S.K.: 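Supplied in structure tokens, the structure appears directly below.
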2 protein chains.
Amino acid sequence: MKRITIREVSEKAGVSTAAVSYVLNGRHSKVSADTIEKVQRAAQELNYIPDFSARSLANNSSKLIGVVIPQTEDRKQLLLQNPFYSELICGIESQLRQSGYHMILSGVEKGEGYLDTTMQRNLDGAIIMGVYQESFYDDLKKVNMPIVLIDSYIYDRHFHVVGIDDELGGYMAVNHLIENGHTNIALVTGTIRKDGVVEKRFLGYKRALKEAGLFYNPDHVFEHSVTYEYGYEAGKLIAAEHPEITAVFATSDQMAMGVMRGVREEGKDVPEHISVIGFDDISFARMSTPPLTTVDQDIISRGMKAADCLLSAIQNKGKELPSEPTIMPLALVARDTVRKLQ
Amino acid sequence: MKRITIREVSEKAGVSTAAVSYVLNGRHSKVSADTIEKVQRAAQELNYIPDFSARSLANNSSKLIGVVIPQTEDRKQLLLQNPFYSELICGIESQLRQSGYHMILSGVEKGEGYLDTTMQRNLDGAIIMGVYQESFYDDLKKVNMPIVLIDSYIYDRHFHVVGIDDELGGYMAVNHLIENGHTNIALVTGTIRKDGVVEKRFLGYKRALKEAGLFYNPDHVFEHSVTYEYGYEAGKLIAAEHPEITAVFATSDQMAMGVMRGVREEGKDVPEHISVIGFDDISFARMSTPPLTTVDQDIISRGMKAADCLLSAIQNKGKELPSEPTIMPLALVARDTVRKLQ
DNA sequence: TTGTATGCGTTATCAC
DNA sequence: GTGATAACGCATACAA
């Protein structure tokens, strides 16, 4: 299919290429109504489609947004199997497309850094999910483009952050358990890194305990990787060797599902013997057996919000945007995995 | 961060920009070893990163691949919540990135068509998942680029198809049920469209029945949308009003999970009262309760294969590639939702 | 208001 | 082998 250029449009309309460019870019103040009319018709009839590569070259603006998501450790694959990221992407893409932007979705090579892609593609901005090593962020600061971070507690004037109050979320979850009469509550979680989201949730766990006058028992935190498999291990352990535990807060829904499986494998039931609450409210949470009680963060909205933030940062190029993080709301969704004691 | 251009590299190396271009593009036959050395060092020291927009303009090749995935009907969001697509994307992205390509992931507006994006971005190729209306494919044929279809039975010389033998898959599933002594087997499925994947699976269902000398009963096919929710409805219906049915084949894992839920809601159990088998083996299949027996199509491999096909088609520009579809293998994964009768 | 001419960074076509 | 230089398609400063 042959490419229609701006020149052909200009010839058909009987005006200059400059005029065409003005009209098509909405610089209506620079052209007469008559020209606008002619150009628009010509463009229409020829079915003119601008070439973004050329535009990018002339403008230094590509209408391209980089979206980075973590990869699995072993194989070099995106962590997209985690519905949390999928749903985030849904939200992001929908907003971007409606604004005429496109999304380049990719993981990031361990050695290389993301700088290459950024420079090669003249990205207008980027949304980074997950947590990476320091050097990655240093790279990011060098390129002069708006960047939105998701799931990060790195507060730096170079970045906008769209987050949730993870500490509160942890608190809400554990408090719900406490309100239902539980006093021996385990925490099943991924590695607790300084300033990571799980650390905050962990802090919320401790605060809820403390406020209720309950004793924090380090033996009741099961910490490893954020996977269904580890949840399963932890669930078995809890059911088999910790008869005192009546409830567990898992810091992700997938882990919660693993816990339920593990508990069951040891001949106990959820929620009869052990109550479980998760975090995120991924779409599968409601499909689990029994349907999982969890802390809902409206993931898709969060993705949309991140995109919105980025777009407005791009538009306000130059003007500093407020550097306070955007905090999305949380809600406790009570389904069937928490039992009221007594 | 300032952009280093090819000109600066050429100056530093003391050669022409043409020489730099030759070296960097591996046209080593056109330059002396000495120049190669100098250019490489200069590029290294300056940390030169080529601009793909410029390259795209000069070459008419963008190193950009369009990946299209269906959207939800209601809101304009990607169907990425469906792990089937997520996993496909994982496979695709990993292969593309390793070959120096990037992926533009997007849905497609109902009215617009995909032509715009294609032309705007000078896409080198595209991978299309799902099924669309005729006009969409007509558009696709107009642009002269390699295209790979996933989940489609459109055999046209313009497209490569990376598929599975859906008929066989359906057959395998139902046959497994029959081997376990079931004779009244329901089918729970999305809308059966002519030449769609579910139609093939439906055909496999019927063939298995027939070969086993069983009677095909239209009342035992529950056909609506490919959702957890519909699976749930169907499951309830089956458990409540069809005591003769002892097993169901759901044409997607998500539907199967819904069926299980529905069955349970009516006071029956899986697999004690009703056996269930799914299709796809999404990552959540093993996490369901009980773990779901299903027909596994290695989704990630399929994504990788699709990317490989596309890349080799791009490289062989001009030469026709074999137009027979690539068929990926299937495997029955027996977990805990099918009970042996008697 | 309109058109001309130039630059954006690369590659490719030539002469040398 | 090597190096000017003209495309590629678009936007824009400047001249008209």
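All figures in this text were calculated on a predicted structure; none of them were measured in a lab.
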S.K.: Give a yes/no on whether any side-chain N or O of Tyr48(A) is located under 4.0 angstrom from OP1 or OP2 of dC10(D).
M.R.: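 Indeed, a polar side-chain atom of Tyr48(A) lies that close.
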
S.K.: Would you say Ser62(B)'s side chain and Asn122(B)'s backbone share a donor-acceptor pair under 3.5 angstrom?
M.R.: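 Yes, because the side chain of Ser62(B) sits within donor-acceptor range (under 3.5 Å) of the backbone of Asn122(B).
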
S.K.: Considering only dC10(D), dG3(C), dT2(C), which nucleotide approaches the side chain of Pro50(A) most closely?
M.R.: dC10(D)

S.K.: Answer whether the closest heavy-atom distance between the side chains of Leu140(A) and His158(A) falls below 4.5 Å.
M.R.: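 Contact flag for Leu140(A)/His158(A) side chains = no.
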
S.K.: Name the nucleic acid region contacted by Phe52(A), choosing base, sugar-phosphate or nothing; use a 4.0 angstrom heavy-atom cut-off, strictly under.
M.R.: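 Touches nothing.
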
S.K.: Choosing from dA4(D), dC8(D), dT10(C), which nucleotide comes nearest the side chain of Leu57(B)?
M.R.: dC8(D)

S.K.: Is it the case that the side chains of Ser21(B) and Asn25(B) hold a donor-acceptor pair, with the cut-off being a distance below 3.5 Å and no angle test?
M.R.: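 Indeed, the side chains of Asn25(B) and Ser21(B) share at least one donor-acceptor pair under 3.5 Å.
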
S.K.: Choosing from dG3(D), dT11(C), dG9(C), which nucleotide comes nearest the side chain of Asn59(B)?
M.R.: dT11(C)

S.K.: Identify whether any heavy atom of Val20(A) sits under 4.0 Å from a base atom; if not, whether one sits that close to sugar-phosphate; answer base, sugar-phosphate or nothing.
M.R.: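 Since no nucleic acid heavy atom lies under 4.0 Å of Val20(A), the category is nothing.
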
S.K.: Check the distance between dC8(C)'s C1' and Glu8(B)'s CD and give it to me in whole angstrom.
M.R.: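 Result: 13 Å.
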
S.K.: Can you find a side chain N or O atom of Arg27(A) that sits less than 4.0 Å from OP1 or OP2 on dT12(D)?
M.R.: yes

S.K.: In this structure, how many angstroms lie between the C1' atom of dG9(D) and the CG atom of Asn60(B), rounded?
M.R.: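 After rounding, the gap between these two atoms is 11 Å.
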
S.K.: Rounded to the Å, how far apart are Ile4(B) CD1 and dT10(C) P?
M.R.: 10 Å

S.K.: Mapping Tyr22(B) and Ala58(B) onto DNA chain C by nearest heavy atom, which one lands closer to the 5' end?
M.R.: Ala58(B)

S.K.: Will you find, in the side chains of Ser32(B) and Thr35(B), an N or O donor that is under 3.5 Å from an N or O acceptor?
M.R.: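 Per modelled atom types, Ser32(B) and Thr35(B) side chains form a pair under 3.5 Å.
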
S.K.: So, OP1 or OP2 of dA11(D): does either fall under 4.0 Å of a side-chain N or O from Ser21(A)?
M.R.: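 For Ser21(A), the contact criterion (side-chain N or O under 4.0 Å from OP1 or OP2 of dA11(D)) is met.
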
S.K.: Across the strands shown, which category fits Asn25(A) at heavy-atom distances under 4.0 angstrom: base, sugar-phosphate, nothing?
M.R.: sugar-phosphate

S.K.: Side chain of Ser16(B) only, please: which of dG3(C), dG3(D), dG9(D) is the nearest?
M.R.: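 For Ser16(B), the side-chain atoms sit closest to dG3(D).
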
S.K.: Side chains of His102(A) and Arg121(B): is there a donor and an acceptor less than 3.5 Å apart?
M.R.: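 Yes - a donor-acceptor pair under 3.5 Å links their side chains.
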
S.K.: Could you give the CG-to-C1' distance, from Asn122(B) to dC8(D), as a whole number of Å?
M.R.: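 Taking CG of Asn122(B) and C1' of dC8(D), I get 10 Å after rounding.
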
S.K.: What integer distance in Å separates Met119(B):CE from dC8(D):P?
M.R.: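 Those two atoms, CE and P, are 15 Å apart.
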
S.K.: What integer distance in Å separates Arg7(A):CZ from dA7(D):C1'?
M.R.: 12 Å

S.K.: What do you reckon, is CD of Gln315(A) surrounded by more than 12 foreign heavy atoms closer than 6.0 Å?
M.R.: yes

S.K.: Counting the atoms with a prime plus P, OP1 and OP2 as sugar-phosphate, which does Thr35(B) contact under 4.0 Å by heavy atoms, base, sugar-phosphate, or nothing?
M.R.: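 Contact class for Thr35(B): sugar-phosphate only.
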
S.K.: Could you tell me how far apart Ile6(A) (CD1) and dA5(C) (P) are, to the nearest whole angstrom?
M.R.: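 Rounding to the nearest Å, CD1 of Ile6(A) and P of dA5(C) are 17 Å apart.
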
S.K.: Identify whether any heavy atom of Ser32(B) sits under 4.0 Å from a base atom; if not, whether one sits that close to sugar-phosphate; answer base, sugar-phosphate or nothing.
M.R.: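 Sugar-phosphate: the residue Ser32(B), judged by heavy atoms under 4.0 Å, touches backbone atoms but no base.
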
S.K.: Which residue, Arg55(B) or Lys30(B), contacts DNA chain C at a nucleotide closer to its 5' end, judged by nearest heavy atom?
M.R.: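 Comparing both residues, the 5'-ward one is Arg55(B).
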
